[in-house]
Amino acid sequence: MSDSLDEFTEAVLSLVEQIPPGRVMTYGVIAAHLGRGGPRGVGGVMARAGHGVPWWRVVRANGTLPPHLMIDAQEHWHVEGVPLVRGVVDVDAALWEPATTRPVGPAPD
DNA sequence: CTCTTGACGCCGG
DNA sequence: TCCGGCGCCAAGA
């Protein structure tokens, strides 16, 4: 494919695509798992190439998003059944982490 | 190479 | 609760 994307961009988008419906990840958590970039770096990638990924599953640490995105995001959240609190994502409950070396074990969910 | 901006996060007042 | 400041990293001018 158009491998015009940098490794950092690939890592971010790849991780975002792995987020299951009904769950979300924060910029900080994603950056922490990547081990680099930082929350600002992740946000930059999303704004630049986050069009082909479930961007609505990526929210701020407070479970909110910019106004213009909140509109569409709320639709997806409602459809996917994301735990909401007062209209915003309940990060404390919806936060999801990528399954690491876990062929079998206590489902964190 | 420097400065500014941004889909961020945390802390203090 | 709202507002400002600082740190963080990446991209554009």
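Proteins get letters first, then strands, A, B, ... in listed order; numbering begins at 1 in each.
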Exercise. Which nucleotide, dT1(C), dA10(C), dA7(B), lies nearest any side-chain atom of Met46(A)?
Worked result: dA7(B)
Exercise. Nearest-Å distance, OH (Tyr27(A)) to P (dA7(B))?
Worked result: 9 Å
Problem set entry | Contact under 4.0 Å: Arg40(A) side-chain N or O vs dG9(B) OP1/OP2 | no
For this session: Describe the nucleic acid contact of Ala47(A) in one word from base, sugar-phosphate, nothing, applying a heavy-atom distance below 4.0 Å.
Result: base
Seminar exercise, completed: Atom CD1 of Ile19(A) and atom P of dA7(B) are separated, to the nearest Å, by 19 Å
For this session: Would you kindly give the CZ-to-C1' distance between Arg60(A) and dA7(B), to the nearest whole Å?
Result: 7 Å
Seminar exercise, completed: From CG of Leu69(A) across to C1' of dG6(B) the rounded distance in Å is 13 Å
For this session: Let me know the distance between CG of Asn62(A) and P of dC11(B), rounded to the nearest Å.
Result: 14 Å
Problem set entry | Atom CD of Gln18(A): over 12 foreign heavy atoms under 6.0 Å | yes
For this session: In whole angstrom, give the distance that lies between atom CD of Glu7(A) and atom P of dC9(C).
Result: 17 Å
For this session: Select base, sugar-phosphate, or nothing to describe what Gly28(A) touches, counting heavy atoms under 4.0 Å on all strands.
Result: sugar-phosphate
For this session: Please tell me if the side chains of Val88(A) and Asn62(A) come closer than 4.5 Å, counting only heavy atoms from C-beta onward.
Result: no
Exercise. Rounded to the Å, how far apart are Leu65(A) CG and dG6(B) C1'?
Worked result: 14 Å
For this session: Verify, without hydrogens or angle tests, whether Trp77(A) (side chain) and Trp56(A) (backbone) share a donor-acceptor contact under 3.5 angstrom.
Result: yes
Exercise. How long is the line joining CD1 of Ile30(A) and P of dG9(B), in whole Å?
Worked result: 10 Å
For this session: Answer whether the closest heavy-atom distance between the side chains of Val53(A) and Met46(A) falls below 4.5 Å.
Result: yes
